[in-house]
Structure formats: C-alpha cells, structure tokens
Amino acid sequence: MQHRLRAASLLLIIVLFLGVASLILYSWTTDIGQGFPPSPPGQRSSAVSRKPVLSIGVVSRYPPPVIYHGYQPIMDYLTERTPYIFELRPAGSYQEAVDRLVQGETAAAFLGTYIYVRAHDQFGVRAILKPLNENGEPLSRSVLITRSGSPIQNVRDLAGKRLALPSQDSFSGNWLPLAEFGPDEAPVVRHFSHHHSVVYQVLRGAFDAGVVKERVAREFTNRDIRIVLSSSPIPGSPLVVRKDCDTAIVRAIRTALLDIDVRRSYDRELVQQWDQEFRYGFAEATEEDFNGIRGLLQGRGGKRP
C-alpha cells in the first residue's frame with residue numbers, strides 16, 4: 001500500500017513540475033516585456049568597430065525571443081557585408097516601429113504590409129525590399145485557423161464563437177469580413193500582441209479560432225492546428241526606410257540582401273537561422289506592389305488604413 005502511495009505521490013510531483021515548466025515556457029515565449037540578450041562584449045574586430053552604427057526596427061509580430069533569434073542573424077549578415085554595424089531595435093508595438101523610423105531613431109524597419117500602407121500615406125516612408133516565399137514569389141498570406149477537431153469550416157461558422165486576432169495594426173488583424181455579421185451573431189473578438197499568442201490561445205481552447213500569418217500556422221499543423229481558409233496573396237512584410245533616408249544606406253542594404261540566392265548551396269546554409277519569412281531571399285519593392293491592399297481590405301470588410 002505504501003509503495004502505491006509513494007508511486008502516486010511521485011507521479012503527482014512530476015505532473016505538477018511539468019505543468020509549472022510549461023507555464024514558465026509559455027510566459028517566456030509570449031512576454032513582450034522581456035529584454036533582448038545583450039551583444040557579447042569584445043567580439044567586434046577593430047575594423048568593424050570603426051563602422052557607423054545603424055538600428056533596424058521590427059514590429060512586435062512575434063515574442064521577443066522569436067524576433068531575436070530570427071532577425072539578429074540578418075543584422076550580423078548586413079554588418080559583415082556593408083560599411084555599417086546594424087543593431088536590432090525591436091518595438092513594443094506596430095506603431096512604435098513606425099514612430100521610431102519617422103523620428104530617425106532607426107535607419108530602416110521591418111513593418112507589416114497593412115501598417116506600411118498607412119505609414120506611407122501619412123509619412124511618406126517607402127518600401128525598398130519584400131521577401132520571397134518558398135516558391136520564389138514575393139507573396140504571403142494570412143490564414144484562419146482552428147483546432148483539428150473543430151466543426152468550423154468557413155467564416156460563417158464563426159457566428160457567436162470566440163475569435164483571436166493579432167494586432168489591430170496588422171493585415172491579419174483586419175482581413176476577415178467580420179462586418180458581414182449582424183450584432184447578435186458576431187464572434188467575440190480579442191486582439192493579442194503576437195501571432196504565436198493567437199495560436200496558443202486556440203490550442204488551449206480559450207478561443208475557437210484565430211487568424212495568423214501562414215508561416216506561423218504551418219509551424220503548428222502537426223500540433224492539432226488546422227487551416228480553414230487562406231487570404232488572397234499579398235506582398236510579404238516589407239523592409240522600409242524614411243523618405244529622406246541616405247541613398248548610400250539604402251544602396252548598401254538593398255545590394256547585400258538582393259545578393260542572397262538560395263539556389264546557391266552557400267546561401268541556403270547562410271539563411272538557415274534567419275526568420276522563416278526571409279529564408280528565400282528578397283525582391284525589390286515598389287509602391288505599386290501595395291496598391292491592392294486597400295481594395296482587398298475594403299472588399300473583405302476590413303478597416304481602411
């Protein structure tokens with residue numbers, strides 16, 4: 001009898017330990033308040049340390065550890081291939097990334113397509129590059145997700161359901177035509193800071209469905225997440241500069257990133273640690289690339305930028 005009690009007690013302790021560990025891990029990966037790991041001291045050569053230092057911003061689409069691990073290797077690459085030292089300057093929100101860029105605190109920023117259109121209209125910022133996808137196309141999508149066993153099959157099935165969305169400044173947060181629902185049938189909507197947070201809320205059953213970038217959803221398709229619907233293709237998240245950005249800086253960034261060609265084995269290896277959205281290289285961006293965003297959002301009931 002005592003042996004069984006000891007075994008049961010041990011099992012309970014293990015379960016509690018795993019539960020606490022999971023909670024800590026969840027908090028760590030979704031907490032926007034965390035700082036980023038400091039750059040290791042003494043690792044810059046004297047030649048590199050004489051370079052001018054420039055900051056590149058990132059909107060808060062992912063938790064800080066995810067952004068750091070995916071974007072810092074891009075900074076390292078740009079530092080190696082250009083006459084500048086590039087430092088990562090992640091923002092606490094989408095709008096903060098725009099404000100820092102406009103105020104000159106950052107030389108460039110990785111923005112979302114939706115907030116880029118708004119920032120271009122308001123401040124004249126301009127997109128210089130857009131990422132390619134795995135098919136070599138400069139396109140991406142947002143997707144509606146639910147759990148694998150959910151009965152949700154289309155947008156109308158969201159009536160009265162709980163819907164998790166990312167930032168209101170993101171395309172994913174505005175894509176679904178929720179304006180088509182009447183007041184008595186509209187889903188209960190809540191916005192979260194990060195795309196990964198949306199996925200976790202759906203996985204834990206707190207929300208019936210959610211909308212995230214397709215690249216994030218595919219990370220979880222083997223973990224009880226099902227894609228219900230995909231948006232029309234839109235340009236990938238652009239790299240943006242101020243309208244009066246030094247042409248030498250723009251040329252250096254553009255030249256270095258356009259040189260990435262994943263058909264070359266060396267380059268394929270080089271980008272393996274980059275954020276998945278940027279592992280296939282870049283294409284030049286023009287303002288015309290984003291003209292369809294406004295009409296697409298209007299047609300789907302989204303807010304105008």
Side-chain angles (χ1 to χ4, degrees), residues 36 39 44 47-62 67-68 70-132 138-140 167 169-171 234-261 271 274-275 277-278 280-294 305:
F36 283 71
S39 299
R44 289 178 180 162
V48 170
S49 63
R50 290 194 296 268
K51 294 181 176 184
V53 178
L54 301 175
S55 296
I56 291 188
V58 184
V59 293
S60 57
R61 60 168 62 99
Y62 308 135
I67 289 179
Y68 177 79
Y71 285 76
Q72 183 57 44
I74 303 177
M75 303 300 103
D76 296 338
Y77 170 80
L78 288 173
T79 297
E80 180 184 346
R81 300 296 183 93
T82 71
Y84 308 97
I85 295 172
F86 285 92
E87 294 186 342
L88 194 60
R89 186 88 185 275
S93 69
Y94 279 57
Q95 187 58 47
E96 185 178 61
V98 173
D99 293 341
R100 287 177 176 175
L101 179 64
V102 172
Q103 293 163 11
E105 296 180 31
T106 55
F110 288 97
L111 300 184
T113 51
Y114 179 82
I115 199 169
Y116 165 68
V117 169
R118 189 172 70 194
H120 173 79
D121 292 347
Q122 292 178 338
F123 306 111
V125 301
R126 55 195 177 97
I128 60 172
L129 294 172
K130 53 190 177 180
L132 302 173
L139 302 171
S140 68
S167 170
D169 289 324
S170 70
F171 174 77
I234 62 170
S237 303
L239 181 58
V240 178
V241 297
R242 295 192 314 277
K243 62 180 178 181
D244 59 347
C245 185
D246 188 330
T247 55
I249 295 174
V250 174
R251 182 169 57 250
I253 295 174
R254 181 185 281 133
T255 300
L257 291 177
L258 286 177
D259 189 52
I260 296 293
D261 185 347
V271 300
W274 294 19
D275 182 273
E277 186 169 15
F278 306 111
Y280 303 100
F282 292 82
E284 292 198 53
T286 65
E287 177 54 26
E288 289 71 25
D289 296 330
F290 302 90
N291 285 344
I293 296 290
R294 296 178 179 87

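Position 1 is the first residue of the sequence, and the numbers go up from there.
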Hey, does [Y] have a side-chain heavy atom less than 4.5 Å from the side chain of [X]?
{"X": "V117", "Y": "F171", "value": "no"}
{"X": "F278", "Y": "Y71", "value": "yes"}
{"X": "I249", "Y": "V241", "value": "no"}
{"X": "Y114", "Y": "S170", "value": "no"}
{"X": "Y280", "Y": "V271", "value": "no"}
{"X": "V125", "Y": "V102", "value": "yes"}
{"X": "D169", "Y": "R118", "value": "yes"}

Between atom [atom1] of [X] and atom [atom2] of [Y], what is the distance when rounded to the nearest 0.5 Å?
{"X": "M75", "Y": "I85", "atom1": "CE", "atom2": "CD1", "value": "13.5 Å"}
{"X": "R242", "Y": "Q103", "atom1": "CZ", "atom2": "CD", "value": "10.5 Å"}
{"X": "I253", "Y": "L54", "atom1": "CD1", "atom2": "CG", "value": "7.0 Å"}
{"X": "F86", "Y": "R81", "atom1": "CZ", "atom2": "CZ", "value": "13.0 Å"}
{"X": "R254", "Y": "T247", "atom1": "CZ", "atom2": "OG1", "value": "10.0 Å"}
{"X": "L129", "Y": "L258", "atom1": "CG", "atom2": "CG", "value": "5.0 Å"}

Which heavy atom in [X] sits nearest to a heavy atom in [Y], and how many Å separate them?
{"X": "I115", "Y": "Q95", "result": "CD1-N, 3.8 Å"}
{"X": "P238", "Y": "G112", "result": "CD-C, 4.0 Å"}
{"X": "S60", "Y": "S93", "result": "OG-CA, 3.2 Å"}
{"X": "L257", "Y": "W274", "result": "CD2-CH2, 4.1 Å"}
{"X": "G281", "Y": "I260", "result": "CA-CG2, 4.0 Å"}
{"X": "L111", "Y": "A97", "result": "CD2-CB, 4.0 Å"}

Looking at [Y], is its backbone amide N or carbonyl O close enough to the side chain of [X] to form a donor-acceptor pair, meaning the two atoms are under 3.5 Å apart?
{"X": "T106", "Y": "I56", "value": "no"}
{"X": "D259", "Y": "A256", "value": "no"}
{"X": "R100", "Y": "P90", "value": "yes"}

Distance-only side-chain donor-acceptor flag, Y116 / E287, under 3.5 Å = yes

request  = Verify the distance criterion only: is there a donor paired with an acceptor across the side chains of S237 and R61 at less than 3.5 Å?
outcome  =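 There is such a pair between these side chains.
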
inquiry  = Under the criterion side chain to side chain contact (heavy atoms under 4.5 Å, CB included), I'd like the reasoning laid out for D275 against I67: C-alpha separation, chi angles, the key distance, then a yes or no.
reply    = CA-CA 8 Å; D275 182 273; I67 289 179; over 6 Å; no

message = Does the plane of the ring in F282 sit parallel, tilted or perpendicular to the ring in F110? Use 30° and 60° as the thresholds.
response = tilted

CA sep, side-chain torsions, deciding dist, call: F123, L101, side chain to side chain contact (heavy atoms under 4.5 Å, CB included) = CA-CA 10 Å; F123 306 111; L101 179 64; over 6 Å; no

request  = Start with the C-alpha gap between F290 and T113, add the side-chain angles, then the distance that decides, and say whether side chain to side chain contact (heavy atoms under 4.5 Å, CB included) holds.
outcome  = CA-CA 8 Å; F290 302 90; T113 51; 4.0 Å; yes

